[in-house]
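These notes are about the structure you will find just below.
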Amino acid sequence: MLFCNPEKSVQRIRRDYQKAVLCPFLWCEDELQFKLENIFTRLQIVSKTRERSKLKENVSMADVFRPHAECENPRVVLVEGNPAMGKTTYCQKLAHDWSLSQISSDSWFPKVEILLLLKCRDMNVGIANIFDAIDDQLLPKDVERSEKENFLSFIRNYQSRTLLVLDGLDELKNEDLLLPLIQGKVLSDIYLLLTARPEMGAKVRRYCDSLLQIVGYTEDDVNNYIDQYFRNHSDPSLAKKLKDELAVNDELKELTSSPMNTALLCLLCEETNGIFPTKQTELYECLVSCAIRRYFAKKEVGLGEDDPSERCREQLNQLGKMAFEALLKNRLYFSKEEMNSKDILQLCFVTREPSRSKMKPTECYAFTHKTFQEYFAALYLANQVLTDNKEGELLLLRLSPLDNWQVWEFLFQLVAKKDGERALFLVSCLGGSMSRHEITEENNDISKTTHFEYFRDFLWDMRMFRARDSPYSDIVINTLSVIADCKDEILNDCQRKMLLKLAECIPLNNLGPFLKTPRSILAVSEYLRGSRTLRRLLLFAIDEDYSKLGFKALAQALHTNCVLTHLDLSCSILGDEIAVALSEALEINNTLILLNLTGKLEAERPIGPSGASALARALTKNSTLKTLVLGMNSIKDLGAQAFADALETNSTLTQLDLCRNDIGDLGIEAIFKALQSNHVMTHLVLGGNTIGDSGGEALAGALQSPATQLSYLDLARCEVSFVDAEALVAALQTNRSLIYLSLAYLRVSDLGRVLAKVLQSNRTLTHLDNTNFIGNTGAIQMAETLLDENNTLAYLDLRYNIISVEGKAKLKLVNHQRCVIYLEPQWPDD
């Protein structure tokens, strides 16, 4: 069958895209209508890894289909974004640029003849498949049947020439409608670009070739948007006022990552002439007041000194009730029958819209944005809670925090500022709602992991928190942040009670990773005081002064906590003062078994000798800590000698990481000498420090001593000055405890020959990480030794070496028989 060119339909669709205008607030559409090309500001899009969805690197708007390590030819691309981050605007801009052929030919954007932009929220109940949706949203009602059939047939038969953009999967009424399409069971060759909130994105990620996230505006983007917004304003100085305020107000600046919030700030700047709220809930409260004032001003009705929201309290409550009931049904649209109050319509937050369907035309209404619906739902629920309405608790139990967290966030802030006791009640309701909706935490039992595997994974991959993706943990983290943000920097009695109640109502085993403000760290500390179950906690904070108060509170909580076993503060800027506070806690605490204080690379104020000395002194009194990780700080020789002194008496610590700590020969010597009288240390990491002659002799002596129990030794990237390796050879030949040894990037003369000689007699090493400086001759010698004399080594890393074909052939013979050998480089994307 021959198909005619669908150019007529395509041109019609192009014209629609070219006419696109952006109106940030529909209730101001008479005053604020911008051409898309005049107001659009670049959105920051970041690629994500499939495993644990970590953010990677920036991606341009048109390059979301670019190849990557996980997929050479992406076909299905998912772009996630939090509420009001500009997902819909991004789709509109993409369609607009395509319609005008403004997408660069150098980009990775697919070379398609048809781009179809569909809004998932408009896929009505009568829609049976994707073709019905295309017809319903994009083709004219009076289009000839032959033209429609020809257009849809072209899509079926030339799928690779079509890009289908599905905006707002989270607003889809029937989640199963598009699943076959996303899975590739329907139109398997068509290009798909999906947008969704993260909670919905999680349900389809496994079917997508590329994962990206819109993270909002950068500072330059914000300033660009503000300039464009006020470009033709009667008072252009407002742009400067807003930018000046953002430059000094960090909390307000945080809001501007959201394009919607940036637009709201511009509007409020007009209304208030430069007086701005600092929190999202306050922003929406001010916005509601602003909209009501503008509405009454148009009607030439004066409000006097009245609070606009109080003046319309009943109407707002009706609007909120409707919003709440619709959220429970996952709906944004309302029928004419549901909109039975003219007062609600007059408030302008719900707009009357033409029918979105030709198949089943109905007069309908909708909120201008889902976040507005969530705010009004929270406003209604807050009224129920604050009036002590008995129905309030029943309503809250119906509201799943997993599906409607934004409502809970608004709700906490609305209630807490008016009535502390009712806010405490709200925490109890949150716990009840989570139980009702059967949100359960995964139990990550580290006892199932061997000691060696756990230590390795903890240091390099942080896999102890692989269960952190539990929605239970996410909800608690969000709640902690909201409670902490309700008041000033210091927590008041009401906040403390709320946090203790949270620990009681929502007990967790794991919590983290947690990167928040000092107030959030204070909240975590209070939660820790009340928790009877929390065993593992992971916190990040990158500013010492900014988070000092929170970490001191955390250290104080450890004085009385009798549950926490693993505390990870890695990548935080702690400094000596926090190290001293933690050391004081260690002297009293009898529960903690692992403490990670890995510093931030090139931090200005790492933990130094005084902080290390305090921690070392604590080890002489502490009898429970087994693992201490202090890498990437600057404890120097003095700090290392303090730890050496502690190791002579401590009988509990089995794992110590002091990598990259500016330790010199004297410090290394002291530690290895101390090991000769220490009978418990099994894992030691000293990579990235300096080993001189005396340190090298002490190292050899420790490895030869029968008292030394080391099974794991990491000396990777050490600076070495000793060149005679015979002592090291002799020590390793007689050592009977070492299982894992890393000499990566260790410049020891003739290292390959040395290790080949070691393996001739050593029968305990199972893991040897050499990496480079082995050379071809050394690799061949090692292969021959493994073939003829050693049958205990199980893993050998020889990556980044120059090894000949002959050498690789010999090593592959070993690899096939009994020892896993790594020869080829593995880059991060691999």
Side-chain angles (χ1 to χ4, degrees), residues 69-70 72 449-453 455-457 459-461 463 683 685 687 699-700 703-704 710-718 720 723-830:
E70 294 177 350
E72 293 183 1
T449 306
T450 67
H451 201 52
F452 169 75
E453 289 173 339
F455 182 74
R456 181 193 60 202
D457 288 347
L459 287 179
W460 306 118
D461 298 322
R463 289 175 185 165
H683 293 62
V685 181
L699 163 61
L703 292 178
Q704 287 178 309
L710 280 184
S711 60
Y712 183 113
L713 178 60
D714 187 340
L715 301 176
R717 299 179 184 274
C718 277
V720 295
V723 293
D724 184 3
E726 294 304 321
L728 181 61
V729 171
L732 289 172
Q733 284 178 324
T734 58
N735 179 275
R736 294 295 179 264
S737 64
L738 209 58
I739 296 173
Y740 176 98
L741 175 63
S742 175
L743 302 176
Y745 301 97
L746 192 68
R747 294 180 180 271
V748 175
S749 177
D750 206 6
L751 184 57
R753 179 192 63 80
V754 169
L755 292 173
K757 191 173 181 180
V758 167
L759 293 175
Q760 288 176 359
S761 56
N762 183 285
R763 294 296 179 266
T764 55
L765 274 176
T766 61
H767 295 66
L768 186 54
D769 182 1
N770 303 323
T771 307
N772 54 5
F773 306 122
I774 296 297
N776 185 59
T777 302
I780 292 175
Q781 289 176 328
M782 293 182 71
E784 291 174 345
T785 300
L786 290 171
L787 280 170
D788 299 333
E789 301 180 59
N790 184 294
N791 61 2
T792 55
L793 197 70
Y795 298 92
L796 175 61
D797 188 344
L798 294 178
R799 290 174 289 182
Y800 312 107
N801 279 282
I802 300 175
I803 303 175
S804 68
V805 174
E806 177 191 358
K808 288 184 178 180
K810 283 185 175 291
L811 288 165
K812 286 179 180 178
L813 286 175
V814 181
N815 198 20
H816 284 301
Q817 288 189 20
R818 56 177 174 267
C819 182
V820 177
I821 301 179
Y822 298 99
L823 292 172
E824 302 301 327
Q826 293 183 354
W827 306 107
D829 282 340
D830 294 337

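Owing to the predicted nature of the structure, the values given are computational and were not obtained by experimental measurement.
A pairwise comparison of heavy atoms in M782 and G752 identifies CG-O, 3.7 Å as the closest pair. Residues G687 and C718 come closest through the heavy atom pair CA-SG, 3.8 Å. Considering every non-hydrogen atom in both L765 and I739, the closest pair reads CD2-O, 3.5 Å. Of all heavy-atom pairs spanning L811 and A783, the tightest one is CD2-CB, 3.7 Å. Pairing each heavy atom of A731 with each of L703, the nearest pair is CB-CB, 3.8 Å. For the pair L793 and H767, the tightest heavy-atom approach, listed with the atom from each and the gap, is CD1-N, 4.0 Å.
Checking each of T734, L732, L699 against Q704 for a side chain to side chain contact (heavy atoms under 4.5 Å, CB included) leaves exactly one that passes, namely T734. When each of I803, I802, D797, N801 is tested with I774 by the rule side chain to side chain contact (heavy atoms under 4.5 Å, CB included), just one qualifies, namely N801.
Taken from NZ in K810 to CD1 in I780, the straight-line distance is 7.0 Å, to the nearest 0.5 Å. Going from atom OG1 of T766 over to atom CG of L741 covers 10.5 Å, rounded to the nearest 0.5 Å. Note that CG of L768 and CG of L798 are 8.0 Å apart. Values are rounded to the nearest 0.5 Å. In this structure, CG on D714 lies 11.0 Å from NE2 on H683, to the nearest 0.5 angstrom. Rounding to the nearest 0.5 angstrom, the gap separating the NZ atom in K757 from the OG1 atom in T785 is 11.5 Å. Atom CG in L715 sits 7.5 Å away from atom OG in S742 (nearest 0.5 Å).
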Practice task
Show your working on side chain to side chain contact (heavy atoms under 4.5 Å, CB included) between V814 and L796 and close with a plain yes or no.
Solution key: CA-CA 10 Å; V814 181; L796 175 61; over 6 Å; no

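A parallel orientation is assigned to the rings of Y712 and Y740, their planes being inclined by less than 30° (bins at 30° and 60°).
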